[in-house]
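Data first, discussion second: the structure below is written as structure tokens.
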Amino acid sequence: MNRQQAELLLQQNFKLPKFYDEQWKTIDRVLNGGRVLLIEKTGFGKSLCFQFPATVFNGTTVIFSPLIALMRDQEKKLQSLGIAAKCINSEQTPEENSQIIEEAKRGKIKILYIAPERQENNEWIEATRQMHLSMVVVDEAHCISVWGHDFRPAFKRIINLVKLLPKGLPVLATTATATKRVEQDIAQQIGGGITILRGNLMRENFKLFVAKVNSEDEKMIWLGKNIEKMPGSGVLYTGTRIDTEIYSKWFNYLNINSTAYNAGLDANSRIAIENGLMKNQWKCIISTNALGMGIDKPDIRFIIHTQIPQSPIHYYQEIGRAGRDGETAYIILFYNPNEDKKLPEAFIEGGRPSIKKYEKVIECIKTGLFSEREIIKHTNLKQSQFRVIKADLLEQGIIREVNYSHSKKYEFVPNSQSLNTKAFEELRAAKTKDLEQMIEYIDTTDSRMKFLCDYLGDNTNHVFTNCDNTGEKKIKVIVADEWTAKLQEFRENYFSELVVESRDSNIINGVAASYYGVSNVGDAIHRSKYENGGDFPDFLLRLTLKAFRKKFGNEHFDLILYIPPTKSGDLVKNFAEKLSQVLKITISHNLKKVRETKEQKIFENNYLKHENVSNAFSYISPSEIIGKKILLFDDICDSCATIKEIGKLLTNLGAIKIAPIVIAKTVGGDLV
Amino acid sequence: MNKETAYWMSLAHELPAWSFSNQSGWKNEDKINLIIQFYYEKKMTIEVFFSLSKEVWKTEFLLSEQRIAELQTCKLTIANYSFLAENMESSGIEAVPLISQDYSKTLKENLKKSAPIVLYIKGNKQIMSEESVAIVGSRDASDIALQFTDNIAKSVSEKYKVIVSGFAKGVDKQALDSSIACRGQSIIVLPQGIMTFESGFKTYYKQIIEGDVLVLSVFHPKAGWGKDLAMARNSIIYGLAKEIYVAEAKPSINRQGKETKGGTWTGVVDGLKKGRTIYVRQPENSEKNDNKILIQKGAIAVDNKGNVILKDSSKYVQKIFSF
Ligand SMILES: Nc1ncnc2c1ncn2[C@@H]1O[C@H](COP(=O)(O)OP(=O)(O)OP(=O)(O)O)[C@@H](O)[C@H]1O
Ligand SMILES: [Mg+2]
């Protein structure tokens with residue numbers, strides 16, 4: 001097929017007039033059974049390079065894609081063009097997935113999006129035995145490389161798959177964000193005479209700004225004041241899940257139309273937000289980088305970061321969502337030199353568990369065949385830490401992950417090399433350097449676009465005039481008293497939810513008066529609890545009462561119970577008594593511990609936390625509870641395992657409602 | 001990882017097999033002849049072979065139109081096998097093709113042109129190059145037979161040789177258990193596809209990672225257990241072993257309720273026909289089994305400890321055996 005013929009088809013099937021030259025170059029090779037690594041800027045149109053050939057081939061094209069949101073996005077677009085595209089993913093029901101697999105087997109699907117993890121699935125493997133496969137695509141191929149900004153262990157398996165594919169079966173890997181090093185790594189891993197096609201990466205329609213600030217307050221105030229003035233709609237990237245919540249509450253408070261998005265939301269909420277984004281339902285979506293990669297919306301007019309990403313390549317990827325229609329888009333990065341390096345540093349430093357922990361895991365795996373859950377229990381590791389260790393050990397070929405009838409187990413690989421800690425050092429050094437580059441981006445006085453292009457290995461001589469160093473006005477943050485007051489008021493009125501509801505319990509979602517660790521509340525609690533500072537101070541009582549009113553209004557409760565502590569004496573009891581007096585709810589001291597428990601904080605994971613408190617409580621005169629609405633108080637909650645456990649106990653004893661309230665919740669757990 | 005695995009799997013499993021009803025199908029021998037042609041004579045990899053044109057297949061390899069068509073269909077399945085192969089290899093199972101250095105030399109020598117095109121293995125593949133002894137026998141063997149099995153397994157292990165057995169009840173299981181008990185090495189030869197052996201991999205996890213057990217199958221990795229596979233597996237057990245010991249051959253009742261000679265019997269008779277030396281435990285007079293007949297047919301009688309019993313004098317001869 002020549003270009004002319006292909007473009008005729010393009011017009012018919014994709015309603016696009018013609019290919020860009022680089023697109024045709026890629027497509028031509030792919031149609032001839034070649035293997036191509038295509039590196040082109042964000043928004044270039046890389047998808048067409050596999051979508052078009054997929055419609056030309058007889059069979060099914062399988063596309064490995066790292067993000068479900070991205071799969072859904074592309075599936076929808078293709079379907080609207082009348083192209084048989086489907087995706088299989090963990091957020092669809094098994095029945096839906098089976099249905100799609102059936103269709104694929106019967107040759108009804110041209111383009112099938114799947115996550116790399118799908119290679120573990122038996123039903124999928126069975127299906128691949130019968131499908132007519134035309135091409136394999138690895139979208140966002142930088143995920144293959146540990147030197148990339150978003151390495152995903154499951155992509156390792158895709159590499160192995162691609163190596164096994166027969167010569168002549170077209171393979172296309174695409175990414176916008178590959179430095180030279182990542183490029184080499186991908187090409188070397190895929191092997192088999194792959195052709196690398198690299199385009200220029202500049203995005204001239206961006207207007208790039210950096211705003212240095214002295215505090216989080218300054219960011220919040222500037223945004224509160226200015227976001228409505230930005231053109232169109234956009235995305236605000238924060239560093240953590242908690243921050244998506246705080247900023248969205250702040251915007252709500254200011255009546256700015258926005259919503260929060262992060263990987264902690266359930267699938268349906270995320271789908272609803274993704275759809276709303278496409279329809280410009282909000283001025284602004286506040287998100288972690290869980291929303292991003294590959295998403296194709298033409299008119300995102302601004303992208304603002306409240307927190308610096310780990311590297312310029314992360315940054316390039318995230319801002320790549322903006323202005324894909326070629327019109328101007330505003331790109332703003334906030335940076336507080338006193339604070340903001342800490343988070344990415346924590347990702348780099350804290351992300352890596354100690355060598356001892358690695359050894360613990362290896363030893364455990366050598367003694368038997370265990371699941372993740374079992375290993376976490378045996379080793380008392382945080383789930384997140386275990387996952388880092390697991391990924392490294394898989395990467396180094398020391399262990400392997402094997403499916404045993406629906407449960408994944410970890411096997412030791414006999415005669416494997418011993419743990420290579422030098423690889424960690426190298427990686428850490430590389431990441432530290434990347435972060436330094438990110439800071440350099442902030443401090444540079446030259447063109448910011450050129451800085452990014454250079455960093456990505458696209459050494460262009462183009463003269464840019466699209467940033468605050470090359471002609472655009474600098475952003476200055478000025479804080480007026482009026483705004484300081486507004487923010488203060490917001491802080492005193494914003495309380496975080498305790499999400500504890502579950503099907504088998506009458507417990508409802510409760511409220512925390514603050515976050516432990518990000519406010520003066522944390523310090524006050526700590527003094528009382530661990531430094532013999534006496535009872536919790538009264539301002540905590542005021543705050544907690546406020547939280548109560550905000551969450552439960554004038555709702556009536558029959559009883560107030562408090563959770564008997566492991567240590568720290570009568571602090572909790574005394575505080576509960578004060579609550580009881582003010583709220584005029586009878587207090588009961590009948591909730592008791594029936595066995596020793598350990599302090600929850602020494603357990604690193606939820607399985608052990610749950611075990612620690614499981615069946616640890618009882619109620620002295622249970623008839624008191626029947627038919628009652630109960631307010632359940634504790635000072636701090638972390639995993640909420642204790643609260644949930646007691647919720648179950650009280651439900652079993654006949655309580656009809658259990659509402660938890662705590663002074664503070666910890667900012668632990670998953671960050672993005 | 002071998003990037004040609006999917007090619008070998010297609011070649012092994014995707015050509016129509018010879019049978020009485022399909023006389024034009026591929027015999028194992030035909031595949032091996034083809035491999036000899038491209039790999040040993042023309043020194044080309046299987047990847048290169050499959051990328052050749054129809055014309056070259058015809059002129060250089062003298063293949064018939066039908067065979068060429070079959071090879072082309074087979075070639076289309078390589079992409080499919082890639083997915084299966086990746087899934088398989090990621091769980092620690094390896095495909096060892098006939099041309100590999102790792103392929104059991106004993107098996108090749110014994111089976112010649114009926115040697116399987118691919119061995120699927122998990123565990124310590126080094127075991128395949130050790131001296132090996134097969135112990136075979138009935139699924140419901142007598143206590144004496146099991147004791148014999150235990151004796152042989154132990155003395156074999158003491159001599160750092162490898163036990164080959166078939167993972168059935170009775171003698172097979174005893175041979176494996178005894179070998180494991182004294183930390184000897186074993187090969188388990190499966191009557192099924194290797195990817196269906198999940199529970200076994202769980203049970204023998206420790207032995208596998210410590211290098212004491214190798215699990216081996218020659219069938220399509222997803223094939224379920226089958227009677228014909230169990231029979232076919234016997235010749236692999238014989239093929240993998242340098243020496244063969246028979247604990248007990250017993251008749252068995254088939255599904256139609258008819259008494260048959262059973263798998264052990266068939267294996268031994270077949271082995272004898274091929275000129276293999278086979279040691280059969282001398283039964284006591286009270287025993288009801290076919291050991292005696294096998295000895296009459298040419299197997300060598302051994303006592304409970306595996307010592308050879310001289311035919312004429314029934315006296316022990318000390319030195320003949322050599323494990
Ligand atoms: N030849 C073309 N002519 C006009 N528009 C095109 C052409 N090719 C692609 N596009 C449009 O460009 C937009 C961006 O394409 P796509 O999502 O494939 O970008 P991408 O290169 O994958 O970017 P990213 O790296 O951000 O994922 C799409 O809306 C697509 O319809
Ligand atoms: Mg894309």
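In what follows, chains carry the letters A, B, and so on, assigned in the order in which the sequence lines appear, proteins first and then strands, with residues in each chain numbered from 1.
Residue A:Arg400 touches chain B through its side chain alone, counting heavy-atom pairs closer than 4.5 Å. Using a 4.5 Å cut-off between heavy atoms, B:Lys202 contacts chain A through both its backbone and its side chain. Of the two parts of B:Phe201, the backbone and the side chain both hold a non-hydrogen atom closer than 4.5 Å to a non-hydrogen atom of chain A. Both the backbone and the side chain of B:Glu198 come within less than 4.5 Å of a heavy atom in chain A. Using a 4.5 Å cut-off between heavy atoms, A:Leu369 contacts chain B through both its backbone and its side chain. Heavy atoms closer than 4.5 Å to chain B are found nowhere in A:Val162, neither backbone nor side chain. Of the atoms belonging to B:Leu76, not a single heavy atom falls under 4.5 Å from chain A. Residue B:Asn124 does not touch chain A at all, counting heavy-atom pairs closer than 4.5 Å. At a 4.5 Å heavy-atom cutoff, the contact between A:Ile365 and chain B is made by backbone and side-chain atoms alike.
The distance from atom CZ of A:Arg129 to atom OG1 of B:Thr77, rounded to the nearest 0.5 Å, is 10.5 Å. Taken to the nearest 0.5 Å, the OH atom of A:Tyr404 stands 8.0 Å off from the OH atom of B:Tyr205.
Ion pairing of A:Lys163 with B:Glu86 is absent here, as no side-chain N (NZ or NE/NH1/NH2) approaches a carboxylate O to less than 4.0 Å.
Atom OH of B:Tyr40 sits in a crowded spot, with more than 12 heavy atoms from other residues, nucleotides or ligands closer than 6.0 Å. No more than 12 heavy atoms of other residues, nucleotides or ligands lie within 6.0 Å of NZ in B:Lys58, so this atom counts as exposed by the packing criterion. Heavy atoms from other residues, nucleotides or ligands lying under 6.0 Å from CD of B:Gln101 number 12 at most. Atom CD of B:Gln126 has 12 or fewer neighbouring heavy atoms from other residues, nucleotides or ligands inside a 6.0 Å radius. Counting non-hydrogen atoms of neighbouring residues, nucleotides and ligands closer than 6.0 angstrom, the NZ atom of A:Lys390 exceeds 12 such neighbours. More than 12 heavy atoms of other shown residues, nucleotides or ligands fall within 6.0 angstrom of atom NZ in B:Lys42. Counting non-hydrogen atoms of other residues, nucleotides and ligands closer than 6.0 Å to CZ of B:Phe61 gives a total above 12.
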Side chain to side chain contact (heavy atoms under 4.5 Å, CB included) assessment of A:Glu411 paired with B:Lys122
CA-CA 12 Å; A:Glu411 295 187 354; B:Lys122 178 162 178 168; 2.8 Å; yes

Chi angles and distances behind the side chain to side chain contact (heavy atoms under 4.5 Å, CB included) call for B:Met88, A:Ile125:
CA-CA 10 Å; B:Met88 184 179 84; A:Ile125 293 301; over 6 Å; no

Worked check of side chain to side chain contact (heavy atoms under 4.5 Å, CB included) between B:Asn80 and A:Thr128
CA-CA 6 Å; B:Asn80 303 69; A:Thr128 59; 5.6 Å; no

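Your options are A:Thr367, A:Asn415, A:Val413, and the one with the most heavy-atom pairs under 4.5 Å with chain B is A:Thr367. Annotation: maximal heavy-atom pairing with chain B below 4.5 Å, among A:Glu401, A:Glu120, A:Lys366, A:Gln119, occurs at A:Gln119. Per-residue counts of heavy-atom pairs under 4.5 Å with chain A were compared for B:Glu4, B:Met195, B:Lys206, B:Lys75; the largest is that of B:Lys206. When each of B:Ala6, B:Ala85, B:Gly92, B:Ser51 is scored by its heavy-atom pairs under 4.5 Å with chain A, the top score falls to B:Gly92.
Here the side chains of A:Asn122 and B:Lys222 are in contact, with some heavy-atom distance below 4.5 Å. When side chains are defined from C-beta on, B:Asn87 counts as touching A:Arg157, because their heavy atoms get closer than 4.5 Å.
Using cut-offs of 30° and 60° on the angle between ring planes, the pair B:Phe83 and A:Trp124 is perpendicular.
Nearest approach of A:Lys167 to B:Tyr7, heavy atoms of both residues: N-OH, 3.0 Å. What you find for B:Ser82 and A:Leu164 is that their closest heavy atoms are OG-O, 3.0 Å.
Not a single donor-acceptor pair under 3.5 Å links the side chain of B:Ser91 to the backbone N or O of A:Val402.
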